[in-house]
Amino acid sequence: MTTAAAVPGARTDWLAVTVVIASGIVAALQVGKAAIAMPLVQAEFGLDLGTLGWLASIFAVLGMVGGIPAGTLAVGWGARRVLLLGLLAVALGAFLGAAAPRFSLLLASRVVEGLGFLLVIIAGPSILQRIAAPAQRDLAMALWSCFMPTGIALAMLAGLWLTDWRMIWQITGALAVIAIGLTLLVVPKTDAGTRPSWAGLAGDAGAVLSARGPLLLALTFALYALMFFALFSFLPVLLMQRMQVSLATAGLLSAFATTGNIAGNLIAGLLLSRGIGRVKLIIAASLVMGLCGIGIFLGLLPDTVTFLLCVLFAGAGGLIPATLLASAPLAAPATRLMPVVVGLMMQGSNLGQVVGPVAVGGVIEALGWPSAAGVVGAAALLAMLTALGLRDVLGRAS
């Protein structure tokens, strides 16, 4: 089969690009639906916020340890096959969760969804690199970087008309099935894949883990994810308690705030193309996120100002993942190891997704909402320090 990536100068297969990005959005819906469904799940099972935090983060546990293996499998088995397997796991986990009679079984289904999410987000960039023409790969990757905030925002909007969390799970499962069908029909088989070698997998992983750059990228991604999900996992609940709004209104406001993250991702691509330093972008974005997070959680400002800080928090945060992903080729020990570096970064991202909601949920339950300001502020400071550590690594690579 002839593909856009196989023929020099071939045009980008934008239909396939759209389907791959849509698959990423479907995977991200599994993240956002937990936040909007928290009040409904809490009402049904009678849980505290600390326990509910696991609903948002438990599926990321697999991502904490599976990023590098998933990156190597995407090379060994073929990225398209891994994408289909990930979508299948997302659909299975969603349908199992919708039928779960107990919270423990709901958490188990989230692990299955987490596996699917990990496979999709690792395979997606690899496919885009092959089906996009060289001159348009940056654009394709910039659009891909928006999949997470877009999926979260769409899930938040579901709160406008869905009052049954099980229905939300069923709909996201059905969307994953549709994505499987579209992928089979539209996305070309750009790589046949081979049986992965365990020795090769271990060697690639060792090369990445022994390099300073990828580790710093992963740590910075973890701190960003901790800050972002510390707020957005509980944002509907926060808005309902602070502003006394309904779940539907809280979902609409949360979705609007999340769109700021989409804009931040796209702006990062523009700024990088104009030569703005990567380290400067990460430090500035981390500083803004930290200050906004402190202002939001302390609760000393008027409701409107607090909500605007949420939008700014999301917008500034969008600069970080796009910058980190664009820096992966510079930090990779070898060009062929870039997917493994991305896998390591996803492990960092998933670590932040686990720690953020659980840590913030626990301190809020014990000390109240203002205590979460300390968690976000500390994470922002650490992110700025890790960015400074990247200065030499990225400078040498450039």
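The first residue of the sequence shown is numbered 1, and numbering continues consecutively from there. Just so it is clear, the values below take in all heavy atoms, side chains as well, and ignore hydrogens, waters and symmetry mates.
Contact annotation: the side chain of L119 never approaches that of L83 to less than 4.5 Å [non-hydrogen atoms, C-beta and beyond]. No side-chain heavy atom of V82 sits under 4.5 Å from any side-chain heavy atom of I122. Residues Q244 and D303 form no side-chain contact, since every pair of their non-hydrogen atoms from C-beta on lies 4.5 Å or further apart. In this structure the side chain of L85 never reaches within 4.5 angstrom of the side chain of R81, judged on heavy atoms. No side-chain heavy atom of R278 sits less than 4.5 Å from a side-chain heavy atom of L390. Counting heavy atoms from C-beta on, the side chains of P101 and L105 come closer than 4.5 Å. Side chains of D13 and V17 form no contact here, defined as non-hydrogen atoms less than 4.5 Å apart. By the 4.5 Å heavy-atom criterion applied to side chains, P333 and V341 are counted as neighbours.
Both V31 and V355 are assigned to one and the same hydrophobic cluster, defined by single-linkage of ILVMFWY side chains at heavy-atom distances under 4.5 Å. L272 and I282 fall into different hydrophobic clusters, defined by Ile, Leu, Val, Met, Phe, Trp and Tyr side-chain heavy atoms under 4.5 Å apart, directly or through other members. Under a hydrophobic-cluster definition in which Ile, Leu, Val, Met, Phe, Trp and Tyr are linked whenever side-chain heavy atoms come within less than 4.5 Å, directly or via other members, L29 and V177 are assigned to different clusters. Linking Ile, Leu, Val, Met, Phe, Trp and Tyr whenever their side-chain heavy atoms come within less than 4.5 Å puts L88 and L175 in one cluster. I178 and I168 fall within a single hydrophobic cluster, where Ile, Leu, Val, Met, Phe, Trp and Tyr side chains are chained together by heavy-atom contacts under 4.5 Å.
Expressed to the nearest 0.5 Å, how far CD1 of I296 lies from CG of L300 amounts to 12.5 Å. From S246, atom OG reaches atom CG of L252 across 9.0 Å, with rounding to the nearest 0.5 Å. The CG atom of L271 sits 8.0 Å away from atom OG1 of T323, with the distance rounded to the nearest 0.5 Å. Between the CZ atom in R80 and the CD1 atom in I131 there is a gap of 11.0 Å [rounded to 0.5 Å]. In this structure, the separation between CD1 on I25 and CE on M148 is 11.5 Å, given to the nearest 0.5 Å. Between the CE atom of M346 and the CD atom of Q353 there is a distance of 9.0 Å, given to the nearest 0.5 Å.
Shortest non-hydrogen contact noted between T386 and L216 is O-CD2, 4.4 Å. Minimum heavy-atom separation, A314 to A257: CB-O, 3.2 Å. For G290 against A380, the heavy-atom pair with the smallest separation is CA-CB, 3.5 Å. Between C310 and L231 the shortest heavy-atom distance is SG-CD2, 4.4 Å. For the residue pair A222 and L351, the shortest heavy atom distance occurs at CB-CD2, 4.4 Å. Pairing each heavy atom of P321 with each of F221, the nearest pair is CB-CZ, 3.7 Å.
A donor-acceptor pair under 3.5 Å is absent between the side-chain atoms of N261 and the main chain of P149, judged by distance alone. No donor-acceptor pair under 3.5 Å is formed between the side chain of S145 and the backbone N or O of A322. For T249 (side chain) and V245 (main-chain N/O), no donor-acceptor pair under 3.5 Å exists by modelled atom type. Between the side chain of T259 and the backbone N or O of F256 there is at least one donor-acceptor pair closer than 3.5 Å. Checking side-chain atoms of S371 against main-chain N and O of G368 turns up a donor-acceptor pair under 3.5 Å. Between the T183 side chain and the A179 main chain, a donor and an acceptor come within less than 3.5 Å of each other. R110 places a side-chain N or O within 3.5 Å of a backbone atom of Q30 that can act as its donor or acceptor partner. At distances below 3.5 Å, at least one donor-acceptor pair connects side-chain atoms of R212 with backbone N or O atoms of G389.
Taking the six-membered ring where the residue is Trp, W165 and F45 present tilted rings, their angle falling between 30° and 60°. Classified by interplanar angle (parallel below 30°, tilted 30° to 60°, perpendicular above 60°), the ring pair F147/F117 is tilted.
Figure legend: cation-pi geometry between K33 and W169, with NZ or CZ positioned under 6.0 Å from the six-membered ring centre and within 45° of its axis.
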Go through L238 and L235 one step at a time and tell me if the side chain to side chain contact (heavy atoms under 4.5 Å, CB included) criterion holds.
CA-CA 5 Å; L238 175 65; L235 187 56; 4.2 Å; yes
Verdict with supporting geometry, I294 and V376, side chain to side chain contact (heavy atoms under 4.5 Å, CB included)
CA-CA 7 Å; I294 292 172; V376 175; 5.8 Å; no
Begin from the C-alpha positions of L312 and M289 and carry the test side chain to side chain contact (heavy atoms under 4.5 Å, CB included) through to its verdict.
CA-CA 8 Å; L312 180 58; M289 288 185 77; over 6 Å; no
Apply side chain to side chain contact (heavy atoms under 4.5 Å, CB included) to the pair I320 and L223, showing each step before the final yes or no.
CA-CA 10 Å; I320 297 178; L223 292 166; over 6 Å; no
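Classification of E44 and R102 as a salt-bridged pair fails, no side-chain N sitting under 4.0 Å from a carboxylate O.
Other residues, nucleotides and ligands contribute at most 12 non-hydrogen atoms within 6.0 Å of the CE atom of M167.
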